[in-house]
Amino acid sequence: MKKYAVIGDPVAHSLSPKMYNAAFEFLGFDGLYLAEQVQSDDLSCFMKKLRTSEYAGISVTVPHKEAVMTFCDHLSDKATKIGAVNCVYNKDGVVFGENTDWFGFVEALKEVESNLRGKKVLVLGAGGAARAVVFALNQVGAKVFIWNRTLSKAQELAQEFELQIVDSVYDCDPEILVNTTSVGLNIEHEMLVDLEQFQNLEIVFDLIYKETKLSLQAKSLNLKVVDAKRMLLLQAVQQFAIFTGLESPIEVMWNSINN
Ligand code: ATR
């Protein structure tokens, strides 16, 4: 049997085991996918389990996506540019680090808007999640504006990815709004933007995969709303193929988390 795990802290809430185990069962693949709570101090020790082949592949979530890079022998170009790894696997004794978050993000967005070239996109936030998002948006030729509470972090990202900074969220006229901040995780949080203030907004993508004030307002204004669970699914679909060499049963994986 091949063993896989998602590692993070916290990790108990992760939907990944459901998706992968449903796919294994459907395909008759002899695999098991676990959720392993790993604290930062234990990361080095845990990663040895990949070297010894106790695990064939590991999905990585908060807060280890950057730290895990040091345990890889080879990083993909995309993972290097994004500066984060969410997928680690052992191939013939070599530990590879890959990033599939950017792919999950852009594929989920394409499900509601297939032509992203030249689209004006306002990205809220400049943390780890924002890096995969702006990388993906650059890949498809969107015009990206970035806003962050701490201006210096927005400046760093803007320089690295050639983005335009806005001081106020209303300084640009976006067609697509993406929230990468943690604001909205708690339903008590005040919203960072009032969507009614935008003239030409069409699509809202909140990376938080539960209902938020932002997504509720977007729905009430009849804007298109991307379901962040599609991003979760689509990044996993790519990882599943990397881990197993098999085509991912997308519908099976989707049904396992969409209830
Ligand atoms: P992640 O890896 O999920 O992106 P992160 O790297 O800690 O997490 O980034 C969190 C993002 O949410 C940052 O852009 C942060 O803004 P700062 O750079 O100013 O800290 C943003 N954020 C968190 N709480 C916020 C708040 N109350 N208001 C505005 N932005 C907030």
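Numbering of ligands and ligand atoms starts at 1, following listing order. For reference, positions follow the sequence shown, starting with 1. Heavy atoms only: backbone and side chains are in, while hydrogens, waters and symmetry mates are out.
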Under 3.5 Å, side-chain donor or acceptor atoms of residues 149-163 against the rest of the protein: list the pairs with distances, not counting sequence neighbours.
residue: Glu160; atom: OE1; partner: Arg131; partner atom: NH1; Å: 3.3
residue: Glu160; atom: OE2; partner: Arg131; partner atom: NH2; Å: 2.6

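Of the N and O atoms on the side chains of Glu175 and Asn200, not one donor lies less than 3.5 Å from an acceptor on the other residue. Between the side chains of Asn86 and Ser59, not a single donor N or O lies within less than 3.5 Å of an accepting N or O. Using modelled atom types and a 3.5 Å distance limit, the side chains of Gln139 and Lys78 yield no donor-acceptor pair.
A 4.5 Å side-chain heavy-atom check between Glu111 and Val226 finds every atom pair outside the cut-off.
With Lys119 as the partner, the side-chain contact (heavy atoms from CB on, under 4.5 Å) test is satisfied by one option alone out of Leu137, Val140, Ile176, Leu109: Ile176.
Closer than 4.0 angstrom to ligand 1 sit non-hydrogen atoms from Gly125, Ala126, Gly127, Gly128, Ala129, Asn148, Arg149, Thr150, Lys153, Thr181, Ser182, Val183, Leu192.
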